[in-house]
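Every chain is numbered from 1 and lettered A, B, ... according to where its sequence line falls, protein lines coming before strand lines. Predicted model only: the values in this text are computed from it and were never measured.
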Amino acid sequence: MLLQISEPGQSPDPHQRKLAVGIDLGTTNSLVATVRSGTAETLPNISGEHLLPSVVHYGSDCTITGVDARRLAAEDPLNTIISVKRFMGRGINDIHALDDVLPYNFTRTDQGMPFIQTVQGEKSPVQVSAEILKTLRRRAEDSLGGDLLGAVITVPAYFDDAQRQATKDAARLAGLKVLRLLNEPTAAAVAYGLDQGGEGTIAVYDLGGGTFDISILRLHKGVFEVLATGGDTALGGDDFDNAVAGWILQEAGLKMADLCPRGQRKVLDAACAAKIALSDNETTTVAFRSWQGEFTREQFNSLIDPLIDQTLKSVKKSLRDAKLKAVDIDNVVMVGGSTRVLRVRERVAELIGKQPLTSIDPDRVVAIGAALQADVLVGNKSSDDLLLLDVIPLSLGLETMGGLMEKVIHRNTTIPVARAQEFTTFKDGQTAMAIHVLQGEREVIDANRSLARFVLNGIPPMPAGMARIRVTFQVDADGLLSVSARELSSGVEATIEIKPSYGLSEGQIADMLQDSYAFAQEDKDARRLLEARVEAERIFEALESALKKDGDTLLSSEEYEHLTNEARRLAQATKSNDNAFITQVTEDVAKASEVFASRRMNAGIHKALSGHTVQDLADEVSGTQNDGPEE
Amino acid sequence: MSDIPFSDHTGGVDLRSNYFELFGIPVGYDVERSAIQPRYLELQRVVHPDRFAGLGERGQRLAIQYAAFVNEAFDTLCSPLKRALYLLEVSGHPVDVERNTVMDAAFLMEQMSLREELSEVRDSADPEAAVESVRENAEAMMDALKDEFVRLWQEGETGYEQAADCARKMHFAEKLLDEAEQLEEEILDS
């Protein structure tokens with residue numbers, strides 16, 4: 001009577017396989033990967049290139065991404081956006097604070113990310129990133145021959161809430177369903193862990209074009225438990241280039257500020273080329289304008305050593321957070337193009353006392369790990385084989401009296417997490433309370449990032465100190481925060497999904513969505529219908545599989561019949577061409593099956609508990625893993 | 001929407017089991033992280049949102065609640081202070097660490113002297129060593145309090161009130177420890 005479904009864990013036949021990808025949205029390069037015939041691989045474009053340079057060129061009548069855009073960077077620097085990831089979720093002051101040469105004209109906004117002025121008008125960094133994601137989506141859909149069910153998109157582990165939200169918004173603009181935001185080092189650990197069946201403690205050192213991450217993980221029988229993470233979202237290979245460019249200009253008797261944007265781009269390109277040449281040679285010749293000179297590896301090392309020192313400081317800090325010493329690390333994994341720099345490998349090996357692993361291409365390893373998780377999340381592969389327990393990179397808290405931050409959730413807390421803190425009023429008859437949400441480690445609020453401000457109104461007048469205001473923070477598996485506040489004696493409630501101060505509003509995103517559909521000549525109704533159907537099918541399949549597995553034990557015959565009818569109704573609805581109708585039925589069915597879902601989770605917990613000793617359970621956990629891919 | 005014939009409309013996390021039951025261990029202060037770790041991972045395998053990616057937003061919200069509950073339980077059982085407070089709470093002797101702060105004089109003196117030491121760290125000749133010494137002292141204080149708590153707890157009804165006092169002291173010790181760790185980090189990072 002109903003559609004065919006496959007049991008979880010079994011591999012469905014090829015045309016039933018759900019299309020999902022992992023995307024590494026990098027500062028310098030981006031990639032898309034998927035799992036085919038049990039192997040994760042990155043997907044090339046028609047010319048066979050896997051890396052898509054993260055560059056977007058806005059021409060007067062077209063938008064170009066990738067290599068072709070990169071070629072236009074020196075030609076037309078103002079309309080060619082490079083390393084846009086550094087602007088994601090950042091305000092104009094943060095961007096000015098980047099130790100970098102930026103040729104762009106920014107439009108200052110009251111709040112939020114500055115827009116970049118181009119011949120196509122003002123573009124938010126989110127829109128620029130969306131262009132890169134769109135190119136990768138098309139590449140994947142062309143090469144896999146169908147629409148994508150969803151994508152796992154990677155972000156630096158050290159990205160804060162604003163930067164994560166901006167990335168998720170970019171995916172939405174690109175028409176991608178985000179299955180999960182995954183931390184880049186965790187993705188790399190997945191790729192290595194599942195590949196080599198390694199057990200133990202792993203340090204992932206991830207130095208990309210514009211960001212640095214360090215994560216310490218424990219891998220045990222398919223579970224990746226992040227113990228600590230740290231890093232710097234404004235430090236990467238671009239800084240190496242800047243340091244070398246500075247040296248070139250000094251030798252040539254020039255100043256960066258005196259150069260036109262084209263000249264600035266050219267000196268940075270020369271610097272980057274010199275950096276790459278020194279990976280294979282002890283010395284290289286550098287030329288810029290009329291100046292020419294020799295550049296040695298020794299000179300290069302002394303220029304970048306201070307930058308590497310900064311990364312090693314973060315490594316030490318994360319080790320302290322994980323309560324480990326360098327000798328406790330079993331494996332060091334190198335990720336990111338900048339770990340090709342020999343000096344980086346030397347210094348890391350020296351600190352940890354082990355040669356780092358470099359067997360998987362450091363440019364591709366993150367996308368591969370993301371593809372592996374995407375495959376699990378859409379149900380192609382059983383989730384028994386892989387579980388990721390990640391952490392938040394920075395503490396979350398509230399402003400209290402005297403401009404101080406009180407932490408509600410400490411950094412390196414495992415997510416998802418929900419935690420509440422109670423506050424009270426400090427004036428008699430106070431009826432409102434301002435709530436200021438912050439992220440960061442410092443005591444003084446100004447040194448931390450302000451995520452949002454909201455006001456809890458309607459507190460019944462009471463003497464000072466009598467009201468009990470409970471503020472609840474919840475961080476989901478993507479690392480995104482939502483905050484709610486409630487006055488306990490009256491039940492007055494105020495809830496916000498944190499839209500960070502530097503994010504885009506819902507209205508702005510809706511407008512951009514309209515624009516992007518119009519510009520790409522995409523049929524937005526067709527797209528919406530497709531999205532509604534995909535979601536309906538996901539819910540249908542999940543319900544069908546749940547009914548088959550637990551329907552007879554957890555439901556009365558009446559309940560079973562009710563949900564079976566609901567499932568049938570949903571299957572019928574997907575055949576409709578009315579996306580609003582499909583969405584409505586999907587929502588109804590999801591709601592109707594919520595109690596069932598809840599009973600299944602409770603039953604799962606009880607099953608995990610019933611009559612086991614801790615040792616039994618440990619044996620059972622290892623038993624279930626015997627057919628895992630890492631064995 | 002059509003009528004739902006379900007009896008338990010509320011759904012939500014099954015809070016009937018307390019953290020000790022959830023981890024299948026006897027109610028008591030003696031908990032080893034390594035002993036409950038396998039069960040923690042098994043519970044996360046059952047409730048983590050990644051297991052319910054197909055359930056849509058509602059399913060995700062539900063799974064987040066469960067997974068957060070399991071994380072909170074694990075965190076509470078592994079933390080000396082939180083475990084003490086939770087133990088008192090489930091035994092019907094909840095403690096409000098913020099409000100009731102009458103301490104014995106000897107403990108207050110010790111606290112004050114450590115705080116003074118902490119405030120002088122930056123001016124000392126070797127700040128790194130100075131802050132390490134404060135942290136170690138705070139850790140030793142915490143360890144002593146843990147032993148005291150176990151002893152008082154084992155006395156049963158007669159020891160509860162003193163056990164609650166001991167938990168309040170732990171709260172102070174933990175705050176001091178946090179501050180020392182934060183300062184140590186700032187010194188090491190600078």
Side-chain angles (χ1 to χ4, degrees), chain A residues 179-180 220-221 223 225 313 316-317 320 373 376-379 383-384 387-389 413-419 441 443 474 476-477 535 538-539 541-542 545 556 558-559 562 566 586 588 590-599 601-602 604-609 612-614 617-618 620-621, chain B residues 1-14 16-17 21-25 35-39 41-72 74-75 98 178-179 181-182 184-186 188-189:
Chain A
L179 298 168
R180 186 68 75 231
H220 182 66
K221 301 189 189 302
V223 182
E225 200 184 356
K313 213 177 248 179
K316 287 181 203 154
K317 182 170 164 187
R320 283 202 304 275
Q373 202 206 9
V376 170
L377 290 179
V378 293
S383 42
D384 286 339
L387 182 67
L388 308 182
L389 300 174
T413 298
T414 307
I415 53 174
V417 59
R419 220 160 263 175
E441 306 310 318
E443 215 181 354
Q474 181 180 286
D476 66 17
E535 186 63 15
R538 278 157 56 96
I539 300 282
E541 282 183 27
S545 138
S556 69
E558 196 189 7
E559 291 165 345
H562 174 74
E566 289 289 287
T586 305
D588 285 355
K591 209 166 166 189
S593 54
E594 200 166 22
V595 176
F596 181 36
S598 175
R599 278 188 205 165
M601 291 185 208
N602 285 332
I605 291 178
H606 287 156
K607 192 174 159 236
L609 292 178
H612 287 299
T613 64
V614 172
L617 198 68
E620 193 176 290
V621 173
Chain B
M1 209 185 94
S2 45
D3 294 346
I4 312 173
F6 290 99
S7 46
D8 48 351
H9 270 270
T10 48
V13 181
D14 189 346
R16 278 170 297 185
S17 54
E21 285 170 30
L22 187 66
F23 281 84
I25 51 172
I36 59 173
Q37 171 91 357
R39 184 155 288 191
L41 296 181
E42 181 62 9
L43 288 168
Q44 281 296 355
R45 276 185 193 280
V46 177
V47 299
H48 195 275
D50 283 0
R51 298 298 306 258
F52 303 95
L55 280 188
E57 254 178 60
R58 281 177 177 277
Q60 283 291 295
R61 276 205 297 273
L62 197 60
I64 288 168
Q65 284 178 29
Y66 276 83
F69 179 70
V70 170
N71 276 332
E72 193 60 32
F74 185 56
D75 188 59
E98 300 287 352
D178 280 350
E179 282 167 39
E181 278 171 1
Q182 175 132 5
E184 187 168 17
E185 190 161 286
E186 280 167 26
L188 289 172
D189 281 348

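Only the side chain of A:Gln474 comes within contact range of chain B, judged by heavy atoms closer than 4.5 Å. Contacts of A:Leu179 with chain B are absent, with no heavy-atom separation under 4.5 Å from either backbone or side chain.
A:Glu225 and B:Gln37 share a side-chain donor-acceptor pair at under 3.5 Å.
Salt bridge present: A:Arg419 and B:Asp75 bring a charged side-chain N and a carboxylate O closer than 4.0 Å.
Taking the side chain as every heavy atom from C-beta outward, B:Tyr66 and A:Asn602 approach each other to under 4.5 Å.
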How far apart are the C-alpha atoms of B:Gln60 and B:Gln65, what are their side-chain angles, what is the distance that settles it, and do they pass the side chain to side chain donor-acceptor pair (under 3.5 Å) test? CA-CA 9 Å; B:Gln60 283 291 295; B:Gln65 284 178 29; over 6 Å; no
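Of the listed residues (A:Glu535, A:Arg180, A:Arg538), the one with the most heavy-atom contacts under 4.5 Å to chain B is A:Arg180.
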